[in-house]
Student: 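Once you've had a glance at the structure underneath, I'll fire off some questions.
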Amino acid sequence: MSGGYKQQPGSGGNTVRKDGKRVAGKLKFQPPGAGGSNPKMKERDLDFIPESVGGKEPQPAGSHVHDRLRTGTVVGKEVALVDANPKVIGKAEYGDDVRLGGEIIGKILRSPHHYAKIKSIDTSKVEALPGVIAVATGADAPKTFGVLPVTKDEHAMAIEKVRHMGDLVACVAAVDEETALHALNLFEVEYEILDAEFDPRKGIEDVDEPIHWRGKYHVGNTNIQKRVFQEFGDRSLVESPAASSSRKWRFEGVHHGFTEPHAVVAEWDATGRLQLYTPQQVPHYTHRALSTVLDVPMHQINVIRTFVGGGFGGKSDPFPHEMCAAILARKAGRPVRITFDREEVYWINRGRHPSYIEVKIDADEQGRVAGFDIDALIDGGAFASFGHVTSYYNGVLATSPYELGSFHYTGARVWTNKPASGAMRGHGAVNTRCAVEVGMDEIAEQLAVDPIDLRLANLLPPHCRTITGFRITSNGMREALTKVREGSDWDNKFRKLPLGKGIGIGCGFFISGSGLPIHWDPNRFPHATVHIQIDMDGGVTVHTGAADIGQGSTTAVAQVVSEVLALPLDMIHVRSHESDTSPVDLGSYSSRVTFMNCNAAIRAAMEIREQLLNAAWEMTGYHPTTLVLNDRRIYYKHDPAIGVSYLEALHKAQEDVGALIARGAYRSPPMGGVHKGAAAGLAPAYSFSAYVAEVDVDVETGIVKCTNVWAAHDCGKALNPLSVRGQIIGSCHMGLGQVLSEKMVYGRTGHLQNANLLQYQIPSVHEMPHVTPIIVESSDPEGPFGAKEAGEGPLLPILPAVVNAVYDAIGVRPNTLPLTPDQMWSDIQKKMKELKIKDPRKLESPRLEHGNLQPVLEQRAEEHRIRDGKRQRTEDTSAYVNGALFGFDPNIPMEDQVEGWRSATEPEPEKLAELGIAGKAWLKQEQRKMGGDN
Amino acid sequence: MLMPAFELHKPVSIEEAVALARDLIDSGQEFDWVSGGTDLIPNYKWHINTKPHVISLAGIEEMKSLSMTEIGAGVKLSQLEVSDEIHPLLKTAAGKVASSLIRKSATLGGNICLDTRCFWYNQSEDWRRSIEWCHKADCGTGADCRVIPNQNTLCVATYQGDMAASLISLGAMITLVGPDGIREMPIEDFFELDGMKKNVLQKGEFVCKVTFSEEVSKRVGAYKKLRVRETWDFPEAGSAASWIPGDLSSLRIGTTGIESIPRSHCKEIEQHANWNDEDSIFELSQAVQKSVKAVNNTILSPRYRKAMVSVLTRRAIEEII
């Protein structure tokens, strides 16, 4: 047989070394035409072809609409990320690796004050400094931008006011970094210092100088950026609960802690177009913002996404420094590079909101969840960023996986003079989820039942509607809970371990793609588009705008195309870096990429597949329905000897049209309610997860060490199990940081005290527990091959699992995160005072004796297990709406329902006084209702 | 993060180093010593108290002795952590400093002379400018202390060297060399209560080695370090204890990570000379705790750090008896 294409001149020889590794530059492809007579064609891998289409892959959750596209090539197999090699050998170019000829270095002048009016900026001395090429201030770019169209409140550089320490004031580009840094000292800025506010609890009070002004929509004279009120269900259910947990939480702000600091390179090329290199999660929004701020049409800007050294939500806003680089480059006529110090990374922030969250959970005598009352005050820092959405997410993403009798949510996001909070892995859902899951644990304790059984008896089924109207499709929550219970040997450990050792459970629920995109009109544009192009060489070029931020989206796209066309992964080349060549994609946020982009890719691949099959039909005479694609060959399914090679079919298909070109798009189906805020949290699918964590608590020092985690996550279908497990383990690490040690510390003066990686304490390898990832596959009917997200949801359960394990270990229920040793110690001291003991080693860990309700719950859980199985396999397709457990009938119109079922999005005036700390935001009126409209 | 330029001098003998220092002093030039650089260079990158000249002690072979009774200041911590020549307590303590990467560069002398640390001091230049500087790095403004404003002239930055506690508990002597000759003293006398002055080193003087009496080999010791993560972090509190088994009066305790200097606790041991059971060890540990005072300038709360001194001390003693 032939040795294949020669990838390099010279030697023939083997393409594989003795140790089985591939020889660099040599691929084991057959020459053109191979496949047709190649006796070495791989057998169809029936283990990876679903049962429903004649394979051996088990499908406990039922068949899937994409089953017939499965070729057993790569989906479901563990493959290395396709962009792993350049990263591992150091060839991947990240933001700061971009070097253009004649580049100069940009530096940013930042505000030394928390809040001040800029009275004047004198740049004359800067401009006079030899080596300085360009200088810019806010006056050079007066237009506002922001990631959400409703809250564009950022400028490239401050216009009238600086709003937090580190806010951008001006920028300079010089021949080298030293000169640029020196130039920063020569700016003369006159400030008028204003009273800064750092405490979000004061944000709902009237002040003289609100941090932003929203005109007639401004709430009073406060710093409230967004307020939310939602009430659903039957509130009478919570009037006399059998068990009730009410806890006031405080969550510190946390940062993504990605490895690569922000960096950007901008160049106006010879044709006058802007080429902007940036490690962005959402290049498209940067593209839009650049166009607005620079006053240049979008088609004259090419945004080039470099490799992204970690994002986690922290690189998804359009950033002011990206504007600065473009402005400086335009002035200088030379490429400008700006790279952040770690400190600047913290100043631009966009991390998780510091939050005050109060969660009250009530349960009735049958162990049903009568109500969730959630009040979340979140500290937005100086800008809106994603905050509008976060304000909703903190409530609405708690409405599943449990069936609720009622739901009451008040939320408010306020501006403070701190670096802006934004979106971070598990956006808006993490803190409330922790509070809710700890509340569930407390309810279980009050009812004397096992907390896992309490959960199992209150789960929403697959294919249902939540209390606020989310459409749940696949749902692997029950399986996840069952698997971690078995894996962790829960029944022999819970409430049975000695003092200092504990085990705890936590669940999670997250969106798999946001149903309504931020910047898009779904009636006019799809969410994701993929182009596929194949020329005579047979290589497949896939164009997508999806931003691989290390999560593996490029690999996922390559995988689905490879699967549908039955081509090896090496033949798929994904081009996703440039906005010039990539179809628009909305970016890597809200865990949307695998779901939406792979769906689009499948559609494009299907179109190519059809063209190839038609060509093969013409050549073999067998109808496409009787043809099989397998390993670069297309053949008659009953006689593999009758067939053509992939290249033969391809060349036939190209005869009249040249290169094959196809496109596919994804748009989420219409869904959701019509109430105000109904769109927030809508997703075409949702992921579910359940974790059990084991901890060791040193009762004397308060040091908590998480030792073991069993982590089950329902990702629908693991396209690449290696990647899913990686996401689960990585999520554990990130979540552990928030629960154990990470926090942004704002000191007495409002300064961020730990803007560095020594004192912002991300757990090290020593703090990592042994994680056992468990993949649950519920096969989502609309997901690509059944897949849902696995990038964010897996973070959620680790926080409550650890907090609940701490309670199991020492009987102390913390409600301030992170559980740093000093925080934990003071919680232990409080408990000791309560118990009147002096030695913490005399503490007792809680024990459980099952009450009468336990068998009731077990029975209900068993009935629901059977119900859920039928619904999952679509043997039962009746409608199911949250509330059925309480007698709600979805077939009866809302107004004729059980008395009490309601939905409201504004509080009744007489109930204002009862609202929580964030709810008090509703005591104020908008300016337009106060007669002001300025 | 650009470091300001400085001139690096690389003497190869103690004599040459002293001569270099003398020359710089005579010509009115400011300078710093550097050895592994893991403390000085990060501070320089933050533009903290930078000097135009830096004299490196890294090339001086005389300062790399390694035995049970003598360790040169230039010995790397990574050498200590694997050495069977030295007291096991020092081996353990060295292994607990920062991370393996840092220990590959960091030296014993550098760890002893570690600059004191503070939330208001270990920050970038922009950051410190925005609080109008602090007492320890006032940039000529005479700025007040930001931890405890309006107090006095002392700097309360915290000493967070790991090795000092163990060295104190083993009764180490420290040898200093400078233009005025050689001097030797018990290591606890080396430190001076002021976060700015830190120790008794005169201009041009540097730590040459630490030595121990022969009896050190009989000592059994333990070091307990409080930190959030098992790597990287400086001690938020640390306590080392050692004794010659059977001899209650031989107990020595050193604590670190709490105040501007590490402490020796001879006085408290004297007052609790009969520390032979659980209760008396508890009381002794409490007395050690009471003798130290923490301020709010590191990552964990001062109240907690102080409280932990007792726990760490008790655990250190329990481990060696």
Side-chain angles (χ1 to χ4, degrees), chain A residues 105 107 109-114 165-166 176-178 180-182 184-185 339-344 347 698-703 705 737 740-743 745 747-767 818 820-826 829 839-840, chain B residues 1-5 42 45-47 98-100 102 117-132 146-149 160 224-234 236-237 278 282 285 294 296-312 314-315:
Chain A
I105 303 298
K107 285 281 167 192
L109 178 73
R110 295 177 177 278
S111 165
H113 304 296
H114 299 296
M165 192 190 140
D176 56 27
E177 189 175 357
E178 203 177 351
L181 281 170
H182 179 56
L184 291 183
N185 295 323
T339 303
F340 277 12
D341 281 344
R342 183 58 58 174
E343 190 174 52
E344 295 181 282
W347 280 339
D698 184 330
V699 284
E700 288 184 288
T701 62
I703 292 175
K705 190 159 174 55
L740 292 181
S741 56
E742 289 180 40
K743 59 173 167 178
V745 181
R748 159 168 57 77
T749 53
H751 284 69
L752 180 58
Q753 302 277 33
N754 59 343
N756 60 71
L757 289 176
L758 178 63
Q759 283 163 317
Y760 180 83
Q761 296 178 311
I762 298 174
S764 77
V765 65
H766 300 277
E767 280 67 59
T820 50
D822 50 348
Q823 177 64 42
M824 209 52 236
W825 176 78
S826 81
Q829 296 293 312
D839 188 344
Chain B
M1 238 188 244
L2 263 195
M3 208 166 19
K45 284 201 165 183
W46 271 345
H47 296 222
S99 67
S100 57
I102 286 173
R117 303 182 58 82
C118 177
F119 250 169
W120 305 87
Y121 170 73
N122 296 97
Q123 301 284 359
S124 73
E125 196 172 23
D126 282 351
W127 197 102
R128 286 177 291 121
R129 186 185 288 119
S130 79
I131 57 158
E132 291 170 342
R146 303 296 163 192
V147 184
I148 312 173
Q160 293 184 289
K224 298 290 166 193
K225 173 175 181 174
L226 178 72
R227 53 178 163 177
V228 176
R229 296 170 297 185
E230 290 293 305
T231 181
W232 300 319
D233 293 340
F234 286 97
E236 290 285 321
E278 202 179 309
F282 179 74
S285 309
N296 187 13
N297 63 355
T298 67
I299 203 87
L300 298 177
S301 78
R303 198 168 141 249
Y304 169 72
R305 280 161 56 218
K306 181 171 164 134
M308 285 308 103
V309 171
S310 166
V311 176
L312 299 176
R314 200 193 74 229
R315 288 182 178 182

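Per chain, numbering begins at 1; letters A, B, ... match sequence-line order. Keep in mind the model is a prediction, meaning the values are calculated, not measured.
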Student: Between A:Leu184, A:Asn754, A:Leu752, who has the most heavy-atom pairs with chain B when the cutoff is under 4.5 Å?
Tutor: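 The residue among A:Leu184, A:Asn754, A:Leu752 with the greatest pair count is A:Leu752.
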Student: Which of the residues A:His113, A:Glu178, A:His114, A:Glu177 is involved in the greatest number of heavy-atom pairs with chain B at under 4.5 angstrom?
Tutor: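 Between A:His113, A:Glu178, A:His114, A:Glu177, the count favours A:Glu177.
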Student: Measure distances from A:Pro821 to the heavy atoms of chain B and classify the residue's part below 4.5 Å as side chain, backbone, both or neither.
Tutor: both
Student: Which bit of B:Arg129 comes within less than 4.5 Å of chain A, counting heavy atoms only: side chain, backbone, both or neither?
Tutor: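 For B:Arg129, the side chain is the part near chain A, not the backbone.
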Student: In sequence, state the C-alpha distance, the side-chain angles, and the governing distance for A:Gln759 and B:Phe119, and then conclude on side chain to side chain contact (heavy atoms under 4.5 Å, CB included).
Tutor: CA-CA 9 Å; A:Gln759 283 163 317; B:Phe119 250 169; 3.7 Å; yes
Student: If you look at every heavy atom in A:Arg748 and B:Val147, which pair is closest and at what distance?
Tutor: NH2-O, 3.9 Å
Student: Take B:Leu300 and A:Trp825 through the side chain to side chain contact (heavy atoms under 4.5 Å, CB included) test and state the conclusion after the steps.
Tutor: CA-CA 11 Å; B:Leu300 298 177; A:Trp825 176 78; over 6 Å; no
Student: Between CZ of A:Arg342 and OG of B:Ser124, what distance do you get to the nearest 0.5 Å?
Tutor: 14.0 Å
Student: Please report the interatomic distance CD1(B:Ile299) to NZ(A:Lys743), rounded to the nearest 0.5 Å.
Tutor: 7.0 Å
Student: To the nearest 0.5 Å, what is the distance between NZ (A:Lys107) and CG (B:Leu2)?
Tutor: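 Output value for this atom pair is 7.0 Å.
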Student: Checking heavy atoms, do the side chain of B:Val311, its backbone, both or neither come under 4.5 Å from chain A?
Tutor: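 For B:Val311, side-chain heavy atoms alone lie under 4.5 Å from chain A.
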Student: Are the side chain of B:Glu230 and the backbone of A:Glu767 linked by a donor-acceptor contact shorter than 3.5 Å?
Tutor: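 No, because the side chain of B:Glu230 does not come within donor-acceptor range (under 3.5 Å) of the backbone of A:Glu767.
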Student: Go through the steps for A:Ile703 and B:Leu226 under the test side chain to side chain contact (heavy atoms under 4.5 Å, CB included), then give the verdict.
Tutor: CA-CA 9 Å; A:Ile703 292 175; B:Leu226 178 72; 3.9 Å; yes
Student: Answer yes or no: are there more than 12 heavy-atom neighbours, outside B:Lys306 itself, under 6.0 Å from its atom NZ?
Tutor: yes
Student: Please determine, among A:Thr820, A:Asn756, A:Val765, the option with the most heavy-atom pairs under 4.5 Å with chain B.
Tutor: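 The candidate making the most pairs under 4.5 Å is A:Asn756.
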Student: In Å, rounded to the nearest 0.5 Å, how long is the span from CD of A:Glu343 to CH2 of B:Trp46?
Tutor: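 So the CD of A:Glu343 and the CH2 of B:Trp46 are separated by 7.5 Å.
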Student: Does a side-chain N-to-carboxylate-O contact under 4.0 Å join B:Arg315 and A:Asp698?
Tutor: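 Salt bridge present between B:Arg315 and A:Asp698.
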Student: Specify the closest pair of heavy atoms between A:Asp822 and B:Ser301, including all atoms of both residues, with the distance to one decimal.
Tutor: OD2-N, 2.9 Å
Student: Passes side chain to side chain contact (heavy atoms under 4.5 Å, CB included), B:Trp127 versus A:Met165? Steps please.
Tutor: CA-CA 9 Å; B:Trp127 197 102; A:Met165 192 190 140; 3.9 Å; yes
Student: Could you tell me the separation between the CD atom of A:Glu700 and the CZ atom of B:Arg314, rounded to the nearest 0.5 Å?
Tutor: 4.0 Å
Student: Under 6.0 Å from the CZ atom of B:Arg303, do we count more than 12 heavy atoms belonging to anything else shown?
Tutor: no
Student: Quick check for you: among A:Ile762, A:Thr339, A:Leu181, A:Leu740, which has the greatest number of heavy-atom pairs under 4.5 Å with chain B?
Tutor: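 Of the candidates given, the most pairs with chain B belong to A:Ile762.
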Student: Given side chains that start at C-beta, do those of A:Gln761 and B:Trp232 come closer than 4.5 Å, heavy atoms only?
Tutor: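 No, every pair of side-chain atoms sits at 4.5 Å or beyond.
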Student: Once rounded to the nearest 0.5 Å, what's the spacing between atom CZ of A:Arg110 and atom OG of B:Ser130?
Tutor: 13.0 Å
Student: Are side-chain heavy atoms of B:Phe282 and A:Asp839 found at a separation under 4.5 Å?
Tutor: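 With C-beta onward as the side chain, the pair stays apart.
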Student: Side chain, backbone, both or neither: which part of A:Phe340 has a non-hydrogen atom closer than 4.5 Å to chain B?
Tutor: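 Neither part, no heavy atoms under 4.5 Å.
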Student: Check whether any side-chain heavy atom of A:Leu758 lies under 4.5 Å from a side-chain heavy atom of B:Arg117, and answer yes or no.
Tutor: yes
Student: Using non-hydrogen atoms and a 4.5 Å limit, figure out which bit of B:Arg128 sits close to chain A: side chain, backbone, both or neither.
Tutor: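 The answer is neither part of B:Arg128.
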